[in-house]
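For the numbers below, each heavy atom of this structure counts, side chains included, while hydrogens, waters and symmetry mates do not. Below, chains carry the letters A, B, ... as their sequence lines are ordered, and counting in each starts from 1.
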Amino acid sequence: MKYHFNEIETKWQKFWAENQTFKAKNNSDKPKYYVLDMFPYPSGAGLHVGHPLGYIASDIYARYKRHKGFNVLHPQGYDSFGLPAEQYAIQTGQHPAITTEENIKTYRRQLDQIGFSFDWSREVRTSDPNYYKWTQWIFIQLFESYYCKDTDQARPISELVEVFLVEGNSRINAACDDDVEVFSAQDWNNFSSEKQQEILLQYRLTYLAETEVNWCPALGTVLANDEIVNGVSERGGHPVVRKKMTQWSMRISAYAERLLQGLETIDWTESLKETQRNWIGKSVGASVKFNVISTEQSNEKSHSINVFTTRPDTIFGTSFMTLAPEHELVSIITTLEQKSDVDAYIEATAKRSERDRMADVKTISGAFTGAYAEHPFTKEPIPIWIGDYVLAGYGTGAVMSVPCGDQRDYDFAKHFGIEIPNIFEGVDISEEAFADKEKTVIANSDFLNGINYKEATKKVIEGLEQLGQGEGKTNYRLRDAVFSRQRYWGEPFPVYYVNGMPQMIDAKHLPIKLPEVEKYLPTETGEPPLGNATVWAWDVKQCSVVSNQLIDNETVFPLELNTMPGWAGSSQYFNRYMDPHNNEEIFSQESINYWQQVDLYIGGSEHATGHLLYSRFWQKFMFDKGLVPVDEFAKKLINQGMILGTSAIAHRINGGYYDYAGEFNEDLDVHFENIFNEDFTNRIVSWDLLEGKLIEEAIAGEKYKLTNVFRKSDVEEFFDGSQFDVEKITFTTSKIRVPVEDIDLKNHIILEKFTESYSDELYNSDLFKSNGVFTVSREVEKMSKRWANVVNPEDICNDYGADSLRLYEMFLGPLEQYKPWNTAGITGVHSFLKKLWKLYVGENGLNVNDAAPTKDNLKTLHKTIKKVEEDIESFSFNTSVSTFMIAVNELTAQKSTSKDILEPLLVVISPYAPHIAEELWSQLGHSESISTAELPQFDAGHLVESTKNYPISFNGKMRFTLELSLDMNKDEIEAAVLSNEKTKEQLQGREPKKVIVVPGKIVNIVG
RNA sequence: GCUGAAGUGGUGGAAUUGGUAGACACGUUGGACUUAAAAUCCAAUGUCCAUUAGGACGUACGGGUUCAAGUCCCGUCUUCAGUACCA
């Protein structure tokens, strides 16, 4: 009987689905274990072999944990709101729900084919109203909460109102907007209702505010900081501009410190934690108030500039101040004489895009405002400058410039000829600033002279506090997250407006369903796509909804037309899996108390500052609300590395040469022959050959025979076999990616295989219109449809089977590592499976019998159990696969047929190759799924050896091995080794100076 | 610049606390089987020298510690990822 993997795999996938083998219960005598994958966005392109890598690893772990006696939760779902479906809708008019549904079907088919042990009964989709009902619900909870810094937790906004009623807000210590005014109880009671709401909005954890946002005109929406890469949108690479807009924001900054501290309690990779730490960007220092010295323009009202500094100890080195060009005081304090300079500079910087500013950090520019500030201690005047090296968005948008201690201030001072006082003892600052805090000894600084950074910082802060000119302060880089998107395919907000103030629609009316629209673009008046909706597909008993408006008691209120961003739905899905069908609560307390948190989370590192930060924020909020028992949602997290694709790249070389008549011809494509002694006739040499070593050799003056040099305009006519001097040939090259599947193993593209369906650029290029076969070079890069280098797991499953795919993806290398895919290598694991099959099933049926296992059999089995268990626990799945191969090779050589060996071996292999394991398991006479079997116990007794093959080294170099009993002590071993013939041969009569014997390990003779 | 990770055969990668470097595969070469191919099996395969026996060199580079270093220490280089006028 042969190994018919297709039949076997279909059979068991069906069995698992019909028997709900992997359905998890919310209670059990067994300990619980929750293994989670980051759920996919179902894109139109379907899965490629890179996607399932993490799913395979987590599936192996989940199956392993079941064998170890755990009640395992291993769910899967879809992050199904998002831009691509909407963009497709804009182009085709197809409703995003329809394309999303189709894509999910494809994903599900592909996932099922790989044999995952997901509990599909718990599937969630973020675009499902029964799911996003709870996303909206959390939004309402955030709106109804503020962050109390005294208790360090979120608390109901109603508590705040109670305090305002009796004593105003002067004693409130809460996370809020910077510009909250101070008011008394009396003030509060006299405020209009709108004014009160406005104030409360400044405290809420989700709030509406006019903020400068990242506006992406091409996408027609705002983007969060983490959705922008190198100044352009992450999706599509469109330019992004700063724009003031009224938007919903999440007050994640309130949680900055807890998000930072929480990292210490979770087992995530160091690099990922470091990325989050950088993003949170905590810096400890002081805020200092510099009073502006009154001038004619500003003497009516005294102004002051607040700065944040991490080096208060250097305050006596301040020789100027710098404001961001956008700083609100600039226009107020600038003197008449300097006004034209300053205005010109502001205009010039405003013209520069974010990207230009980022690209050009070397150029020093700025302007003097003509105004001066007063040094808080010396009372000396300090000139106030503006410069675009100071960012409006960080700190206060103003700095005290200490050129001797900060390189940017130093460069600025040098450039504009500002004095650079030295306040460091024994340091030369004639060339550059001195920024080493640890080595700092302060000088020329009044009461700070002779002390170090730490002490000086303390003293300055004390001094500032006495003067009322500043205080110790911690600053975070983490900004509040913009939560509004001008998009259709996202969660609608449960919000309507009364006199311009946002109101929550009562939670009992949730979900607020996404309305149907005619078109998915913004309205003619520039409103988001939801503005196109005439009838909202939701029905509220007390209020009806018509034309984007909520009508309550015949009063008409406008609805919020923005939708929530992509990360809204993914910020709590992991908890929803615990109780996915609950319509009364987001999840029952019973279920969350049982499953607690994710024990193992596997996904890509690209979510480090997005999903993984926002989810931690929501989890902490839910913890404060008493909804979840732990404030970190994932105990352990592993980032799987990317599987890279190998793109095939044909290189087109456009060249010019001097012909016989000495005339220069540039309208040529050039093909080489005799490079590296290969025949390149009708082929084109690769980029590497030309760019690298070869072109250098060529330039050195060697002659190359060029063949097939043909004119682009007339491919039929070519020069053949002529000698050209390559010194006179110039080249430009261009790359063309070729679909990988149309290249043979020798890297040849066969022209006959070309069809119109390939890219026009490729098909129409002269290169491919000529006769023959072309070589291409390979380049390893991200697997993507765009690069024509994707490998579909369905093809692999059809050709080699899901078990081969699973084993091979693991065998490729360590999970976290980036590694290239190479389909050719899969034959290794595939033939392993065939050997495994042959070990159990011979030509005439089962090979397994009740024969007693030999000592060797037991040794092989138990060392396999030990190694594989260790490997899985340490997530080195690649070495397990090698271990299986060794085990099967050994047992085959031992001609093992013993059921006592082969049956437990199947259980060890089954997490990796579950289909073949199930099939053989059932052939061995079991009616229950192998997933219910217990993992065999490792017995160290079977690995005990009586002898050891000692490596015998001379001066650290291994020369031969010697089999000796493990009972022998050091002296006995030494005697045995020294009396050995080979030892004498090595020593050639010399006396060994020293003999190192490590019993059970090694012998080293120093001579 | 800063932070993090890494650098081992032709390729992917092994090597638990310093103790036989290159497990396990891919690829390549040779052989068996076959009319042939596929499949399967066997052998060889780090580099160099040597007919063999064997030897020299080898884990990015330069030092060091040690009986012994891919592994530990110091310095340098390179690659990848993240981040960046963050005051």
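- Under the Watson-Crick or G-U wobble criterion, with both distances below 3.5 Å, U59(B) is left unpaired in every strand shown.
- Closest to the M958(A) side chain, of the nucleotides A21(B), A87(B), G19(B), is A21(B).
- Between the side chain of R806(A) and the backbone N or O of A913(A) there is no donor-acceptor pair closer than 3.5 Å.
- Taking atom C1' on both nucleotides, G4(B) is separated from U65(B) by 28 Å, rounded to a whole Å.
- One can place CG of L260(A) at 19 Å from P of C86(B), the figure rounded to the nearest angstrom.
- Checking C85(B), U83(B), G13(B) against the side-chain heavy atoms of K819(A) singles out G13(B) as nearest.
- Regarding Q817(A), its CD atom lies at a distance of 10 Å from the P atom of G12(B), rounded to whole Å.
- Not one side-chain nitrogen or oxygen of K957(A) sits closer than 4.0 Å to the OP1 or OP2 atom of U20(B).
- Closest approach to the R959(A) side chain among A56(B), U40(B), C86(B) is made by A56(B) (side chain taken as heavy atoms from C-beta onward).
- Mapped onto RNA chain B by nearest heavy atom, N475(A) and S953(A) fall at different nucleotides, with S953(A) at the one closer to the 5' end.
- N878(A) places none of its side-chain heavy atoms less than 4.5 Å from the side chain of L812(A).
- Proximity note for F811(A) (side chain, C-beta onward) versus A87(B), G13(B), A25(B): the nearest is A25(B).
- Evaluation of the side chain to side chain contact (heavy atoms under 4.5 Å, CB included) rule for D406(A) yields R408(A), D409(A) as partners, not counting sequence neighbours.
- Judged by distance alone, the side chains of T322(A) and Y389(A) do bring a donor and an acceptor atom under 3.5 Å apart.
- Nearest to the side chain of T961(A), among G12(B), U40(B), U20(B), sits U20(B).
- Rounded to the nearest Å, the gap between the C1' atom of G9(B) and that of U28(B) is 13 Å.
- Ring geometry, F960(A) versus F954(A): the interplanar angle falls from 30° to 60°, so the pair is classed tilted.
- Under the Watson-Crick or G-U wobble criterion, with both distances below 3.5 Å, G30(B) is paired with C42(B).
- In this structure, H830(A) and Y3(A) have tilted ring planes: the angle between them lies in the 30° to 60° band.
- The only option from T269(A), I602(A), L815(A) that meets the side-chain contact (heavy atoms from CB on, under 4.5 Å) definition with N639(A) turns out to be T269(A).
- Using a 4.0 Å heavy-atom cutoff across all strands shown, Q407(A) reaches no nucleic acid atom at all.
- Note: CD (E816(A)) to P (A81(B)) measures 18 Å, nearest angstrom.
- A5(B) and U79(B) make up a base pair, with Watson-Crick or G-U wobble contacts both under 3.5 Å.
- The shortest side-chain heavy-atom distance between T309(A) and V402(A) does not fall under the 4.5 Å cut-off.
- Base pairing annotation: A50(B) forms no Watson-Crick or G-U wobble pair, as no partner gives both donor-acceptor distances under 3.5 Å.
- Rounded to a whole Å, the CG atom of L815(A) is 13 Å from the P atom of G13(B).
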Under 3.5 Å between N/O atoms: give me all the protein pairs with nucleotides 1-10 of chain B, atom names plus distance.
none

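- A salt bridge does not link E890(A) to K859(A): none of the charged nitrogens lies less than 4.0 Å from a carboxylate oxygen.
- Across residues 832-841 of chain A, K834(A), K835(A) each have a non-hydrogen atom less than 4.0 Å from an atom of RNA chain B (numbered order).
- Across all strands, T827(A) comes closer than 4.0 Å only to sugar-phosphate atoms, never to a base (heavy-atom distances).
- Between C26(B) and C77(B), the two C1' atoms lie 31 Å apart (nearest whole Å).
- Between T864(A) and F938(A), every side-chain heavy-atom pair lies at or beyond the 4.5 Å cut-off.
- Spacing between U20(B) and A69(B) at atom P, rounded to whole Å, works out to 11 Å.
- Under the Watson-Crick or G-U wobble criterion, with both distances below 3.5 Å, U11(B) is paired with A25(B).
- Annotation: side chain of L637(A) is not in contact with side chain of I266(A) (no heavy-atom distance under 4.5 Å).
- In this structure, F320(A) and F412(A) have parallel ring planes: the angle between them is below the 30° cut-off, well short of the 60° mark.
- Formation of a donor-acceptor pair under 3.5 Å by the N949(A) side chain with backbone atoms of T961(A) is not found in this model.
- Here the side chain of E816(A) pairs no donor or acceptor atom with the backbone of Q640(A) at under 3.5 angstrom.
- What separates CE of M400(A) from C1' of A87(B) is a distance of 9 Å, to the nearest Å.
- Between the CG atom of L53(A) and the C1' atom of G12(B) there is a distance of 14 Å, rounded to whole Å.
- Nucleotides C24(B) and G46(B), compared at atom P, are 13 Å apart to the nearest Å.
- Remark: Y818(A) is not in phosphate contact with C80(B), judged by side-chain N or O atoms under 4.0 Å from OP1 or OP2.
- Look at R477(A) and you'll find a side-chain N or O under 4.0 angstrom from OP1 or OP2 of A84(B).
- For the segment residues 872-893 of chain A, the set of residues with a heavy atom within less than 4.0 Å of an atom of RNA chain B comprises N878(A), T879(A), S882(A), M885(A), I886(A), N889(A), in numerical order.
- Between the T983(A) side chain and the V977(A) main chain, a donor and an acceptor come within less than 3.5 Å of each other.
- Proximity of T314(A) to F424(A): side-chain heavy atoms (C-beta onward) are separated by under 4.5 Å at one or more points.
- Comparing the P positions of A50(B) and U59(B) gives an interatomic distance of 23 Å, to the nearest angstrom.
- Searching all strands for a Watson-Crick or G-U wobble partner of U35(B) with both distances below 3.5 Å returns nothing.
- Between W821(A) and I796(A), the shortest heavy-atom distance links the atoms CZ2-CD1, 4.0 Å.
- Every residue two or more places apart in sequence or in another chain was checked for a side chain to side chain contact (heavy atoms under 4.5 Å, CB included) with V944(A), and none qualifies.
- Atoms NZ (K782(A)) and P (C80(B)) sit 16 Å apart, rounded to a whole Å.
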If you restrict it to nitrogen or oxygen atoms, what contacts under 3.5 Å exist between nucleotides 66-68 of chain B and the protein, and what is each distance?
residue: C67(B); atom: O2'; partner: N1004(A); partner atom: ND2; Å: 3.0
residue: C67(B); atom: O2; partner: N1004(A); partner atom: ND2; Å: 2.9

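- Taking atom CG on N949(A) and atom C1' on G19(B), their separation rounds to 14 Å, with Å as the unit.
- A38(B) sits 47 Å from G19(B) when the C1' atoms are compared, rounded to a whole Å.
- Nucleotide G18(B) forms no Watson-Crick or G-U wobble pair with any nucleotide shown, as no partner meets the under 3.5 Å limit on both distances.
- Listed nucleotides: G13(B), G19(B), A87(B). Nearest to the side chain of I1002(A): G19(B).
- On the P atoms, A25(B) is 15 Å away from A14(B), given to the nearest whole Å.
- Because its glycosidic torsion is within 90° of 0, G9(B) is reported here as syn.
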